[in-house]
2 protein chains.
Amino acid sequence: MRIGELAERAGTTAKTLRFYEEQGLLPPAERTPSGYRDYAPETAARIDFVHRGQAAGLTLAQIRQILDIRDGGAAPCEHVRDLLDARLAEIEQQIAQLTALRDTIAELRHDAAQPDPDSCSADQVCRYL
Amino acid sequence: MRIGELAERAGTTAKTLRFYEEQGLLPPAERTPSGYRDYAPETAARIDFVHRGQAAGLTLAQIRQILDIRDGGAAPCEHVRDLLDARLAEIEQQIAQLTALRDTIAELRHDAAQPDPDSCSADQVCRYL
DNA sequence: CTGGACCTTCCAGTGCAGGGGAAGGTCAAG
DNA sequence: CTTGACCTTCCCCTGCACTGGAAGGTCCAG
């Protein structure tokens, strides 16, 4: 299978697949005599895994770690569990930060509900911020 | 006042102030005969405003828009209000996305609580993802 | 008059996940 | 035998807000 066909099947682009190969997410592809990349159909499952990892908020580098463990012959379950734990903690923190930011902005917005341009000195640029 | 002193007063770095000038957040500074930037003390208030804008989650480009309006002689109150509204909507959406992602990951993590490496086929790399 | 702290400009890189496009090779259909 | 779709490598660009470093100029104290 050539790169364009694989890309379409996996719902991505040829460009991205070459990038994945460069990043070590896909093993160097077999080549036809003329130099075209030639993929086994199973490669699509690997790309799907990459997409599942991305859907779980993992970076390509983290997904690569998992693949490396699997390619080394081991089951990556525990590493996956640790990554999920770490990601979960990060997300909780991001949510907390965004929630705090939302409250801050909501308050500023509330104060600016009836803007009174005359009460804003040029010095402070805008008294609602 | 030279750039280093202003940077310290405003809680930032000289490098950043040159960057702000380049980005149009600060007007081109006056120069001493020898070419050093020479700032009026009021410039610190402008930098403070930039910091308040950042604390509200605005980008430098958005902060610049506000400053441009003020520099044009108008009061930017209404624009600020619109920016705050837009930012608020973005943040709500980000929070919703992160919350959904958190739930997804929490479920995956739950399934991976007692990893069973033997049930993971190499094909799917990891059945918990 | 020398050393060190400060300043200048300019170039380049960071992280993330690709995208754009040039220059050229290959393959199948008409 | 040509056309058009596909493939190859290569390098640069995106957004965001800086940060690092090189090469050189300036200022002040000792």
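Sequence lines set the chain letters: A, B, ... in the order given, protein chains first and strands last, and positions in each chain run from 1.
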* To do: Using the side chain to side chain contact (heavy atoms under 4.5 Å, CB included) rule, take B:Glu107 and B:Asp103 through it: C-alpha gap first, then chi angles, then the decisive distance, then the call.
  => CA-CA 6 Å; B:Glu107 191 175 350; B:Asp103 294 348; over 6 Å; no

* **side chain to side chain contact (heavy atoms under 4.5 Å, CB included) between B:Ile63 and A:Leu129, intermediate numbers included** => CA-CA 10 Å; B:Ile63 295 168; A:Leu129 207 51; 6.0 Å; no

* Test side chain to side chain contact (heavy atoms under 4.5 Å, CB included) applied to A:Leu67 and A:Leu26, step by step -> CA-CA 9 Å; A:Leu67 289 167; A:Leu26 296 177; over 6 Å; no

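The distance from atom CZ of B:Arg64 to atom P of D:dC16 is 14 Å, rounded to the nearest whole Å. Atom-to-atom, CG of B:Leu25 to C1' of D:dC16 comes out at 13 Å; the value is rounded to the nearest Å.
Residue pairs meeting the side chain to side chain donor-acceptor pair (under 3.5 Å) criterion with at least one partner in residues 18-29 of chain B, sequence neighbours excluded, are B:Glu21-B:Arg37. Listed by first and then second residue, the salt bridge (Lys or Arg N to Asp or Glu O under 4.0 Å) pairs that reach into residues 45-59 of chain B are B:Arg46-B:Asp71, sequence neighbours excluded.
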Quiz: residues 85-100 of chain A side-chain donor-acceptor pairs under 3.5 angstrom, not counting sequence neighbours:
| from | atom 1 | to | atom 2 | distance (Å) |
| --- | --- | --- | --- | --- |
| A:Asp85 | OD1 | B:Arg109 | NE | 2.4 |
| A:Asp85 | OD2 | B:Arg109 | NE | 3.2 |
| A:Asp85 | OD2 | B:Arg109 | NH2 | 3.2 |
| A:Arg87 | NE | A:Gly57 | O | 2.5 |
| A:Arg87 | NH1 | A:Glu90 | OE1 | 2.8 |
| A:Glu92 | OE1 | B:Arg102 | NH1 | 3.3 |
| A:Thr99 | OG1 | A:Ile95 | O | 2.7 |

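Taking side-chain N and O atoms only, B:Thr16 has a distance below 4.0 Å to OP1 or OP2 of D:dT19.
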Sub-3.5 Å pairs of nitrogen or oxygen atoms, protein against nucleotides 10-15 of chain D:
none

Sort me out a list of protein N/O and nucleotides 27-29 of chain D N/O pairs below 3.5 Å, or just none if empty.
| from | atom 1 | to | atom 2 | distance (Å) |
| --- | --- | --- | --- | --- |
| D:dC27 | OP1 | B:Ser34 | OG | 2.9 |

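Residues B:Leu101 and A:Leu58 fall within the same hydrophobic cluster, defined by Ile, Leu, Val, Met, Phe, Trp and Tyr side chains chained together at heavy-atom separations under 4.5 Å. Both B:Phe49 and B:Leu60 are members of a single hydrophobic cluster when ILVMFWY side chains are connected at heavy-atom separations under 4.5 Å.
Within a heavy-atom distance below 4.0 Å of DNA chain C, the residues of residues 4-13 of chain A found are A:Thr13. Residues from residues 85-106 of chain A placing a heavy atom under 4.0 Å of any atom in DNA chain C do not occur. Within residues 53-63 of chain A, the residues approached by DNA chain C to less than 4.0 Å at the level of any non-hydrogen atom are A:Gln54, A:Thr59, A:Leu60, in residue-number order.
Of all nucleotides in DNA chain C having an atom under 4.0 Å from a heavy atom of chain B, the first and last in 5' to 3' order are C:dC6 to C:dT9.
Considering only residues two or more places apart in sequence or on other chains, A:Asp68 meets the salt bridge (Lys or Arg N to Asp or Glu O under 4.0 Å) condition with A:Arg64. A search for side-chain contact (heavy atoms from CB on, under 4.5 Å) contacts involving A:Asp82 returns nothing, not counting sequence neighbours.
Of the residues listed (A:Thr43, A:Thr16, A:Asp38, A:Leu17), the one engaging A:Ile3 in a side chain to side chain contact (heavy atoms under 4.5 Å, CB included) is A:Leu17, and it is the only one.
Contacts of A:Arg18 with the nucleic acid, taken as non-hydrogen atoms under 4.0 Å apart, include base atoms.
Scanning both residues, A:Tyr39 and A:Arg2, for their nearest heavy atoms gives CD1-C, 4.3 Å.
Between the CG atom of B:Leu83 and the CD atom of B:Gln65 there is a distance of 6.0 Å, given to the nearest 0.5 Å.
By the 4.5 Å heavy-atom criterion applied to side chains, A:Arg70 and B:Cys126 are not counted as neighbours. Using a 4.5 Å heavy-atom threshold, the side chains of A:Thr12 and A:Leu6 count as separate.
Bending across the helix from C:dC1-D:dG30 to C:dG30-D:dC1, expressed as the angle between its end axes from five pairs apiece, amounts to 30° (10° rounding).
A distance-only check finds no donor-acceptor pair linking the side chain of A:Glu8 to the backbone of A:Glu5 [under 3.5 Å].
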